[in-house]
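The next block holds one structure in the form of structure tokens; read it before the comments.
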Amino acid sequence: MAYSQTSNSRDGRTSASGSEGSQLGDVLASRTGTAGRLLARAARLQQLSEAIQSMGTPWSGQIRVANVRDGAVVLFAENAGAALRAKQDAGRIAERLRQAGAPCDRLIVKTRPSRQAR
């Protein structure tokens, strides 16, 4: 028997939990379909970012892997100083990414867009 519980929010909308919530969890956990592929890709980019951050350099915590496509890895740096250091250590970063299983023929380093609203 499926369990479902509904509740009303402040704006009057009804939300369901129980079997519908577990169905969503099943879809996300299965890593099939669009949502699953998106989650798998995000997890892979996070894994590669963690590989760079584990290098132990003062600037490596300021670098994130933004994309991997056709052998090119795009990195976002928190600031221009971290971007410069990433460019200087591109060989070491590329080797670390290859060890983590990424096809890294070239690196593209960019300063990450600001989070502040303009």
Side-chain angles (χ1 to χ4, degrees):
M1 180 171 140
Y3 165 71
S4 181
Q5 177 181 352
T6 60
S7 62
N8 291 326
S9 63
R10 287 187 206 172
D11 61 2
R13 288 191 244 163
T14 302
S15 63
S17 62
S19 64
E20 289 180 23
S22 65
Q23 289 173 356
L24 176 60
D26 293 342
V27 169
L28 295 177
S30 72
R31 302 212 182 217
T32 60
T34 303
R37 286 191 303 271
L38 182 62
L39 286 174
R41 182 164 178 79
R44 180 66 175 142
L45 294 176
Q46 178 64 31
Q47 178 188 31
L48 294 173
S49 291
E50 289 170 359
I52 293 173
Q53 293 163 10
S54 72
M55 292 176 68
T57 62
W59 52 266
S60 62
Q62 299 175 359
I63 304 292
R64 302 288 182 271
V65 176
N67 197 8
V68 178
R69 176 172 278 165
D70 300 327
V73 177
V74 179
L75 303 177
F76 278 169
E78 293 287 326
N79 55 54
L84 177 64
R85 293 302 310 257
K87 289 176 184 179
Q88 290 173 342
D89 281 349
R92 286 182 46 210
I93 293 171
E95 182 58 33
R96 180 62 62 109
L97 291 169
R98 283 188 211 104
Q99 290 172 356
C104 185
D105 299 327
R106 65 187 176 115
L107 287 177
I108 301 168
V109 181
K110 298 181 177 186
T111 302
R112 190 192 74 198
S114 175
R115 292 184 186 181
Q116 298 174 353
R118 293 183 182 195

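Note that these values count all heavy atoms, side chains included, but never hydrogens, waters or copies made by symmetry.
In this structure the side chain of S54 reaches within 4.5 angstrom of the side chain of R96, judged on heavy atoms. Looking at R41 and N67, their side chains come closer than 4.5 Å, going by heavy atoms from C-beta outward. Between R64 and R112 the shortest side-chain heavy-atom distance does not fall below 4.5 Å.
F76 belongs to a hydrophobic cluster with V74, I108, counting contacts under 4.5 Å between side-chain heavy atoms of Ile, Leu, Val, Met, Phe, Trp and Tyr, direct or through other members.
Pairing each heavy atom of G61 with each of Q53, the nearest pair is CA-CG, 4.0 Å. The two residues I63 and A86 come nearest to each other via the heavy atoms CD1-CB, 3.8 Å.
A distance of 13.0 Å separates CD in Q46 from CG in L39, rounded to the nearest 0.5 Å. How far NZ of K87 is from CG of L75: 10.5 Å, rounded to the nearest 0.5 Å. Atom-to-atom distance recorded for C104:SG and L48:CG is 9.0 Å, nearest 0.5 angstrom.
Residue-environment remark: CG (D105) exceeds the threshold of 12 foreign heavy atoms within 6.0 Å.
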### Query
Passes side chain to side chain contact (heavy atoms under 4.5 Å, CB included), V65 versus L97? Steps please.
CA-CA 10 Å; V65 176; L97 291 169; 4.3 Å; yes
### Task
May I have the step-by-step check of side chain to side chain contact (heavy atoms under 4.5 Å, CB included) for M55 and I93, ending in yes or no?
CA-CA 8 Å; M55 292 176 68; I93 293 171; 4.0 Å; yes
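Between R98 and E95 there is a salt bridge, since a side-chain N of the basic residue sits under 4.0 Å from a carboxylate O of the acidic one.
No donor-acceptor pair under 3.5 Å is formed between the side chain of D89 and the backbone N or O of R92. Remark: side-chain polar atoms of T111 are not paired, donor with acceptor, to backbone N or O of A77 under 3.5 angstrom.
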